[in-house]
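Everything on this sheet refers to the single structure shown next.
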Amino acid sequence: QVQLVESGGGLVQAGGSLRLSCSASGLTFSRYHMGWFRQAPGEERDFVAAISWSGGATYYADSVKGRFTISRDNAKNTVYLQMNSLKPEDTAVYYCAADRRWTTVDRNYDYWGQGTQVTVSS
């Protein structure tokens, strides 16, 4: 049974930082590309960042480029999202996802975590 478990969310002031983690089990983690998505209340789920199975390739939404960094540790079956210079508009539930395909489209991802809340106060 595949499980993705996010952690690291919380409340932070604008300009602050948070580091999200997503721990994976039940799959061969090193064979999966990983993505981060977010969903604000009343909004659709949006792509945030993706990282290839090896970590050699990354891709970011324009809204977070230069502020967020995605990384992974295949030895620990974990993917991270370092979020700096946070803005109130970054407030959302953040989800990690796994798929064998290199994609930024949420419906293409096979496996999802339960999400972690990030709230940025102004």
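Note that the structure is a prediction, hence the values are computed from the model and not measured.
The cluster map of Ile, Leu, Val, Met, Phe, Trp and Tyr, joined by side-chain heavy atoms under 4.5 Å apart, puts Val5 and Ile70 in different clusters.
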Checking salt bridge (Lys or Arg N to Asp or Glu O under 4.0 Å) for the pair Asp46/Arg38: CA distance, chi angles, key distance, verdict? CA-CA 5 Å; Asp46 291 330; Arg38 66 186 181 186; 5.5 Å; no

Test Tyr59 against Thr104 for side chain to side chain contact (heavy atoms under 4.5 Å, CB included), laying out the working first. CA-CA 9 Å; Tyr59 189 76; Thr104 63; 3.6 Å; yes

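Between Val79 and Trp36, some side-chain heavy-atom pair lies under the 4.5 Å cut-off. Using a 4.5 Å heavy-atom cutoff, the side chains of Val118 and Met83 are in contact. No side-chain heavy atom of Thr116 sits under 4.5 Å from any side-chain heavy atom of Val93. At least one side-chain heavy atom of Leu81 sits less than 4.5 Å from a side-chain heavy atom of Val48. Leu27 is listed as a side-chain neighbour of Tyr32, based on a closest heavy-atom distance under 4.5 Å. When side chains are defined from C-beta on, Phe68 counts as touching Leu86, because their heavy atoms get closer than 4.5 Å.
Expressed to the nearest 0.5 Å, how far CG of Leu20 lies from OH of Tyr94 amounts to 7.5 Å. Distance check, rounded to the nearest 0.5 Å: OG of Ser21 to CD of Glu6 gives 10.0 Å. The structure places OG of Ser23 at 8.5 Å from CG of Leu4, a figure rounded to the nearest 0.5 Å. With rounding to the nearest 0.5 Å, the separation of OG in Ser71 from CE in Met34 is 11.5 Å. Taken from CG in Asp99 to NE2 in His33, the straight-line distance is 8.0 Å, to the nearest 0.5 Å. To the nearest 0.5 Å, atom CD of residue Gln3 and atom CD of residue Gln114 are 9.0 Å apart.
Classification of the Trp112-Tyr95 ring pair by plane angle, with boundaries at 30° and 60°, yields perpendicular.
Using modelled atom types, one finds no donor on one side chain facing an acceptor on the other under 3.5 Å when comparing Ser30 with Asn74. For the residue pair Ser17 and Asn84, a side-chain donor N or O sits within less than 3.5 Å of a side-chain acceptor on the partner.
Here the closest heavy-atom approach between residue Trp102 and residue Ala57 is recorded as CH2-O, 3.8 Å. Of all non-hydrogen atoms in Ala14 and Ser122, the two that sit nearest each other are CB-CA, 4.3 Å.
Of the possible donor and acceptor atoms, none in the side chain of Thr119 sits under 3.5 Å from a partner among the backbone N and O of Leu11. Looking only at distances, no side-chain donor or acceptor of Arg19 sits under 3.5 Å from a matching main-chain atom of Gly8. The main-chain N or O of Lys76 is found under 3.5 Å from a side-chain atom of Thr78 such that the two form a donor-acceptor pair.
Less than 6.0 angstrom separates the ring centroid of Tyr109 from the ring centroid of Phe37.
Using a 4.0 Å cut-off between charged side-chain N and carboxylate O, Asp90 and Lys87 make no salt bridge.
Atom CH2 of Trp53 sits in a sparse spot, with 12 or fewer heavy atoms from other residues, nucleotides or ligands closer than 6.0 Å.
Both the sub-6.0 Å distance and the 45° axial angle are not jointly satisfied by Arg67 relative to the ring of Tyr60. A cation-pi arrangement is absent between Arg72 and Tyr80 under the rule of less than 6.0 angstrom and at most 45 degrees off the ring axis.
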